Number of protein chains: 2
Amino acid sequence: MSKPGQQVISRLRQMILSGELESGQRLAEIPTAEQLSVSRTPVRIAFRTLEQEGLLTKLSGRGYIVRQVTQAEISGSIEVRGVLEGLAARQAAENTLSKAQSNELLQLLKQGDELFTKGTINEQDLATYHDMNQRFHQIIIEASLNPAIAEALSRNEHLPFASVSALAFDRHNLAQEYRRFNFAHMQHHAVFDAISHGQGSRAEAIMREHANATHSYAKIFSQMEENGEKMHVLNNLGTIT
Amino acid sequence: MSKPGQQVISRLRQMILSGELESGQRLAEIPTAEQLSVSRTPVRIAFRTLEQEGLLTKLSGRGYIVRQVTQAEISGSIEVRGVLEGLAARQAAENTLSKAQSNELLQLLKQGDELFTKGTINEQDLATYHDMNQRFHQIIIEASLNPAIAEALSRNEHLPFASVSALAFDRHNLAQEYRRFNFAHMQHHAVFDAISHGQGSRAEAIMREHANATHSYAKIFSQMEENGEKMHVLNNLGTIT
DNA sequence: TTTGTCTATATTGGATCCAATGAATAAAAA
DNA sequence: TTTTTATTCATTGGATCCAATATAGACAAA
């Protein structure tokens, strides 16, 4: 409403991230403009913005395509996220958590505990935990008081994670995902403990280890790649789980 | 020539980084377009691109201003650069340097040795070493074979380093800079040694320590800030020295 | 004096026209 | 048949017009 120009960008971004626009699909200004019922000008700006975000790749003279990512890129991106979030954890520990941050982290941990004491996990729980997880990491990044971290991460936000819907995938592997998520939750406890005790180096080490666990996703995607299954860019996995 | 649109972006970027456009200066589309003898369209795209790069800040309804950075942002950005280049060093060690990369690094180290065995350093040497230094780091980032690192760094490329020209500053502190650069050069030797021996963890640790040395710059800028001296965004310091 | 509202103006946002470019294709020469 | 060259056409790039918006300033009322 207030910013119609931004809406075109958001709309296209959403279409890419949701898989509505498939990876590798060609995109030209005129058809896209017509489809979105706007002129070429906002579409042009959107294309360039999304190219900078790494969601589109420019084909000189033939428009853009939705960026295709390889398993190697996913792995590399996980490593990057690991060191950056590790740094965030360290700096969060070196500063002191605000009362609000501390409380929210504690609450997230508690909610997670309740989820995992049930002993089983269903689809809905998975989605819930995913949101909680995302928030947990976000708070730590904010607590680092270092905006450069979020800035650097923004590049790797969505892009490097390609798959059919992670949740759709998880649906078939609930047992495995239960163990993974439970372990991740334990790591969250450890991260919080280190931060709240001001142990920067320990917090960083745990967070990096935590990130490494995400590599299991990269392997799954690798198998999909070999099977020739279609992948699309997905932001749900743009965080460490 | 081949890409006039990109030229407007480059031109504006250069004007910001060189200090021709001062930090905090307001920028509107029409005057800028007239000044560069182009229409508003390429200028608009350039403004948005540079905003995404972090060189401009948008003032809703009143155009843009050249981004102003604080000493805290500079420090934070150095930390980010440290962990990312640390990761690059680790991954470069885990892979194997290509013959060409290894040779070029060795040559850069040798040239540096010659520079520092003179016992003194002049302005020209300083500029030369600066270029060599930049290349040294660049090669390691490439050798990591992890494009996500360069992508994440691109955000912090220029932005966070604000000052009057670093070289202009250095001119008055040659003796101090000599010691700094000499020490940095020794660290380069150590980084290369670790990488070429496949010692990933050691390479990462040294590179992070190497980055920390850059914090001395942040302190200098901090003093300038207190003195109310004008700072401008400068990319020369966008690397670890 | 202060505060609120209204108006004028500076400034960006979008649409459309024309120019430039580059890729694909067809045709011609080797 | 293969390679080169020329031509066509799809597509982006730039300029300018008009519309929308938000800020700043003036003026009036409390």
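Convention: sequence-line order gives letters A, B, ...; per-chain numbering from 1. None of these values were measured; they are calculated from a predicted model.
- Of the charged side-chain nitrogens involved, at least one lies within less than 4.0 Å of a carboxylate oxygen, so that B/Glu73 and B/Arg67 count as a salt-bridged pair.
- Going from atom CG of A/Leu59 over to atom P of D/dT12 covers 10 Å, rounded to whole Å.
- What separates CZ of A/Arg62 from P of C/dT21 is a distance of 19 Å, to the nearest Å.
- If you check distances only, the side chain of A/Arg44 does reach the base of D/dG14 with a donor-acceptor pair under 3.5 Å.
- By the 4.0 Å N-to-carboxylate-O rule, B/Arg11 lies too far from B/Glu20 to be salt-bridged with it.
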When the side chains of residues 33-43 of chain A are checked against the rest of the protein, which donor-acceptor pairs come out under 3.5 Å, sequence neighbours left out?
from	atom 1	to	atom 2	distance (Å)
A/Ser39	OG	A/Thr41	N	3.3
A/Arg40	NE	A/Glu29	OE1	2.9
A/Arg40	NH2	A/Glu29	OE1	2.9

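- The interatomic distance linking B/Ile45 (CD1) with C/dG14 (P) rounds to 12 Å, in whole Å.
- Annotation: of the two residues near DNA chain C, A/Ser37 and B/Gly63, the 5′-most nearest-nucleotide partner is B/Gly63.
- Of the side-chain N and O atoms in A/Ser60, none sit less than 4.0 angstrom from OP1 or OP2 of D/dT12.
- Between the CZ atom of A/Arg40 and the P atom of C/dC17 there is a distance of 11 Å, rounded to whole Å.
- With rounding to whole Å, B/Glu34 atom CD is found 11 Å from C/dT11 atom P.
- Straight-line distance from the CD1 atom of A/Ile30 to the C1' atom of C/dC18: 13 Å, rounded to whole Å.
- The residue among A/Gly61 and A/Val38 whose nearest nucleotide of DNA chain C is located toward the 5' end is A/Val38.
- A sub-4.0 Å separation between OP1 or OP2 of D/dG13 and a side-chain N or O of A/Lys58 is present.
- Residue A/Arg48 places its side chain closer to D/dG13 than to any other of D/dT23, D/dG13, D/dT11.
- Among residue pairs with one or both ends in residues 36-64 of chain A, those qualifying as ring-ring contact (aromatic ring centres under 6.0 Å, His included) are A/Phe47-A/Tyr64; sequence neighbours excluded.
- When the side-chain nitrogen and oxygen atoms of A/Ser39 are compared with OP1 and OP2 of C/dG14, none of them lie within a distance under 4.0 Å.
- In the helix from C/dT1-D/dA30 to C/dA30-D/dT1, the rotation axis of the first five pairs and that of the last five pairs differ in direction by 20°, rounded to 10 degrees.
- To the nearest angstrom, P of D/dT12 lies 12 Å from CG of A/Leu56.
- Between the side chain of B/Arg208 and the main chain of B/Glu79, no donor-acceptor pair closer than 3.5 Å is present.
- Closest contact between the side chain of B/Glu29 and the listed nucleotides D/dT23, C/dT12, D/dG13 involves C/dT12.
- For B/Glu104 and B/Arg135, the salt-bridge test passes: some basic side-chain N is under 4.0 Å from an acidic carboxylate O.
- Rounded to a whole Å, the OH atom of A/Tyr64 is 16 Å from the C1' atom of D/dA10.
- If you find the closest nucleotide of DNA chain D to A/Phe47 and to A/Thr41, the one lying nearer the 5' end belongs to A/Phe47.
- Remark: side-chain polar atoms of B/Asn133 are not paired, donor with acceptor, to backbone N or O of B/Tyr129 under 3.5 angstrom.
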